[in-house]
Structures are given as structure tokens and as C-alpha cells.
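Encoded as C-alpha cells, the structure appears first; notes follow it.
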Amino acid sequence: MIRYRKLGYVALNVTDTERSAAFYRDQVGLQPVPAAEGEATRFFRCDYDHHNIMLFAGARPGLKRIGFEMESAAHLDTLFESLQNKGLKVWEVPREECARFHQGASFRLAEPCTGATFEFYASMLEFGGQPFQHTLAKIQRLGHVVLRTPEYAEAVAFFTGVLNFKVSDSIEEAVTFMRCFPNPFHHSLGLGKGKARGLHHVNFMVTEVDDIGRALWRFNKAQVPIVNGPGRHPPSGSMFLYYLDPDGLTLEYSYGMEEFPEVNPRKPRVLEPIRESFDYWGAPTDPRKSAVGEIEAVCEAGAGGA
């Protein structure tokens with residue numbers, strides 16, 4: 001049985017690391033983590049982990065890779081062996097690189113239907129054993145990431161059949177919401193149908209609905225583009241607010257989410273592919289939402305290595 005603990009981190013490519021680092025600190029409210037001397041990667045956290053967001057310098061903004069934490073080292077080994085037995089190419093991350101990113105043993109997979117690099121690991125150092133120090137928003141955790149791909153049905157089949165993700169709900173022929181079993185939250189990964197592969201958005205779950213209200217006016221004052229919301233998603237029940245980072249990457253704050261028991265969860269629902277299935281409130285959507293977000297091509301030498 002393949003068992004996960006959670007979505008651990010998302011690594012993003014940005015065109016100006018200093019500008020983006022200031023934004024993720026001063027507008028999103030993530031806590032910056034000091035890096036070793038000479039380290040160009042910028043680290044940010046929103047829970048006990050050393051980091052939940054990494055910023056890398058890149059010519060084209062978008063997704064570098066996604067990290068999932070396994071429930072144990074034994075489950076990491078089980079997943080590695082399972083993928084190898086299926087003939088999929090996986091890469092063990094060199095020990096020096098694991099140490100650089102404050103993780104235990106890790107490996108990467110180039111997911112064939114989205115082109116995204118996924119990293120799996122069993123442990124990450126905590127930052128001094130201290131909880132996330134919230135400033136602007138009471139961020140509860142890194143919530144989820146959504147990708148789009150023209151190979152939508154194949155991608156859903158891969159994550160459920162090969163990686164043991166569980167479908168919570170879907171909007172017919174448009175998007176599927178999945179949880180990394182047995183993590184209880186409605187979705188840690190979403191797959192949407194699109195004309196091209198790309199990053200749709202990255203989500204942060206907040207603790208209070210007031211976090212969304214305060215963000216609305218904070219972003220207006222700072223001229224941060226709000227591209228959708230506030231609104232409320234019917235599948236997960238979450239209230240949401242979508243906004244853009246300096247490169248135009250789409251981020252989301254959301255509040256509230258259904259949780260599933262490990263045993264005897266409700267069956268997945270299939271919602272009609274209509275506007276009301278995405279938002280109870282009917283908030284307008286700016287065309288800039290999810291327009292930017294290239295998925296970095298896998299490097300044969302290291303499957304998305306730094």
C-alpha cells in the first residue's frame with residue numbers, strides 16, 4: 001500500500017527572485033527561511049517544515065517541481081519499487097542535494113501526462129522545531145496545486161492507478177480533485193483539461209474567513225491583481241480568492257475544506273460542467289487567471305534537478 005502524509009512543497013521558477021521573494025513575504029505572508037551562504041534558491045514556509053515554497057531563477061515563470069511527503073521511509077521505498085516495476089524512469093536525488101534542500105532520501109519522477117517533475121521524500125527538517133510565524137495572514141498550510149493538460153483522462157488514470165491518489169470529486173470533462181491517500185483534505189492535487197500543459201495555480205489554506213477579507217483590501221492597496229473572487233467552490237466547500245504574483249503566476253487563498261475519513265469515505269461526485277459547479281457566488285474571472293505557468297521540461301541528467 002502506498003501512503004502519503006501530505007503535499008510538502010512547490011518549487012517555482014520566477015524571473016526576478018528578489019522581487020518575488022519580497023512579494024511572497026510582504027503580500028502572501030510566507031515566512032522567509034535563511035539560506036546557506038551562496039545559496040541562490042529562496043525558501044519560504046507556512047508550517048513546521050523547513051520550507052513549503054522554493055523560488056528558483058528562471059527565464060520563464062512557472063512550475064519547477066512538486067514535492068510530496070510519504071508517511072514513512074518504508075512507503076517511500078514501496079513507491080520507488082512500484083514505479084520501477086512498471087517501467088517508469090525514476091531518479092534518486094543525490095545525497096548532497098537532499099542535504100542542500102534539508103530533506104531525507106528522495107527520488108523524482110517525470111509524470112508522463114502533465115510533464116511535471118514530482119519529488120517524493122519521507123522526511124524534511126523542521127525549522128528549529130518552531131511553528132510558522134504568521135504576519136499578514138494566518139496561513140494554515142500549503143493547500144494544493146492544480147495542473148492542466150490535454151491528456152486529462154490519462155493523467156487522472158495515472159495518479160489513481162499508479163500513485164494511489166483518491167478522487168474526491170470531479171467536474172465532468174473539466175477538472176478532477178484528488179487527495180494523496182490517506183491525507184484527509186478534499187484535494188492536494190487538481191488536474192484540469194487544457195489545450196496545453198501548464199501550472200494552473202498554487203493554493204494556501206488560511207485559518208479565518210477574515211484572512212480573505214483582509215487580503216482583498218491589502219491587494220487592492222498594493223495593486224496586486226485579483227483575478228477571481230471572492231467566491232465559494234461547490235466541490236470542496238472552500239471560500240476562495242485568486243490573485244497574481246509579480247510574474248503573473250496564479251495563487252489562491254482559500255478557507256475551509258471538506259475532510260475525508262480514511263475508512264468508508266463518501267463516494268466521489270460528478271458535477272455538471274457549468275459555471276455554478278465552480279463557484280456558488282458567480283464571481284467574475286479575469287482572463288489573466290492561470291494564463292502564465294510553464295512546466296519546466298525534465299532534464300535527463302536529473303529529472304528537474306536544481
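- Under a 4.0 Å N-O distance rule, the pair Arg108/Glu97 qualifies as a salt bridge.
- For the pair Arg179 and Phe260, the cation-pi test (distance below 6.0 Å, angle within 45°) is passed.
- More than 12 non-hydrogen atoms from other residues, nucleotides or ligands lie less than 6.0 angstrom from CZ of Arg269.
- Arg19 has its side chain within reach of Asp247: a pair of non-hydrogen atoms, C-beta onward, lies under 4.5 Å apart.
- Paired with Asn228 under the rule side-chain hydrogen bond (donor to acceptor under 3.5 Å, both in side chains), one option of His201, Glu252, Arg288, Lys289 passes, and it is Lys289.
- With sequence neighbours excluded, no residue forms a salt bridge (Lys or Arg N to Asp or Glu O under 4.0 Å) with Glu111.
- Only one option out of Asp49, Asn52, Ile139 pairs with Phe132 in a side-chain contact (heavy atoms from CB on, under 4.5 Å); it is Ile139.
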Next item on the list: Show your reasoning for whether ring pair (Phe, Tyr, Trp, His ring centres under 6.0 Å) applies to Phe44 and Tyr9.
Entry: CA-CA 10 Å; Phe44 293 86; Tyr9 76 82; over 10 Å; no
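- With hydrogens and angles left out, the side-chain atoms of Glu119 and Gln103 include a donor and acceptor closer than 3.5 Å.
- In this structure, the side chain of Thr149 does not engage the main chain of Arg197 through any donor-acceptor pair within 3.5 Å.
- A perpendicular orientation is assigned to the rings of His51 and Phe101, their planes being inclined by more than 60° (bins at 30° and 60°).
- Counting only heavy atoms from C-beta outward, the side chains of Pro61 and Leu249 approach each other to under 4.5 Å.
- Here the side chains of Phe56 and Thr17 are not in contact, with every heavy-atom distance at 4.5 Å or above.
- Phe158 has its ring centre no less than 6.0 Å from the ring centre of Phe165.
- Asp211 places a side-chain N or O within 3.5 Å of a backbone atom of Lys138 that can act as its donor or acceptor partner.
- For the pair Arg141 and Phe185, the cation-pi test (distance below 6.0 Å, angle within 45°) is passed.
- Thr176 and Tyr152 form a side-chain donor-acceptor contact under 3.5 Å, judged by distance and modelled atom types alone.
- Note on Glu71 versus Arg5: no salt bridge recorded, every NZ/NE/NH1/NH2 to OD/OE distance being 4.0 Å or above.
- Between the side chain of Ser277 and the main chain of Glu272, a donor-acceptor pair closer than 3.5 Å is present.
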Next item on the list: May I have the step-by-step check of side chain to side chain donor-acceptor pair (under 3.5 Å) for His186 and Asp169, ending in yes or no?
Entry: CA-CA 8 Å; His186 183 275; Asp169 289 310; 2.6 Å; yes
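- A donor-acceptor pair is defined here as one N or O able to donate and one able to accept, closer than 3.5 Å; such a pair exists between the side chain of Thr114 and the backbone of Ala116.
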Check: Where do Tyr253 and Tyr255 land on the ring pair (Phe, Tyr, Trp, His ring centres under 6.0 Å) test, with the steps shown first?
Finding: CA-CA 7 Å; Tyr253 277 156; Tyr255 166 70; over 10 Å; no
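- For Arg218 (side chain) and Gln27 (main-chain N/O), a donor-acceptor pair under 3.5 Å exists by modelled atom type.
- One distance of note links CZ of Arg232 with CD1 of Ile212; it measures 11.0 Å at 0.5 Å rounding.
- Donor-acceptor pairing under 3.5 Å is recorded for the side chains of Tyr24 and Asp245.
- Under the 3.5 Å distance criterion, with hydrogens and angles disregarded, a donor-acceptor pair is assigned to the side chains of Ser290 and His200.
- The existence of a salt bridge linking Glu126 and Arg45 is excluded, since no basic side-chain nitrogen approaches an acidic carboxylate oxygen closer than 4.0 Å.
- In this structure, the side chain of Ser106 engages the main chain of Gly104 through a donor-acceptor pair within 3.5 Å.
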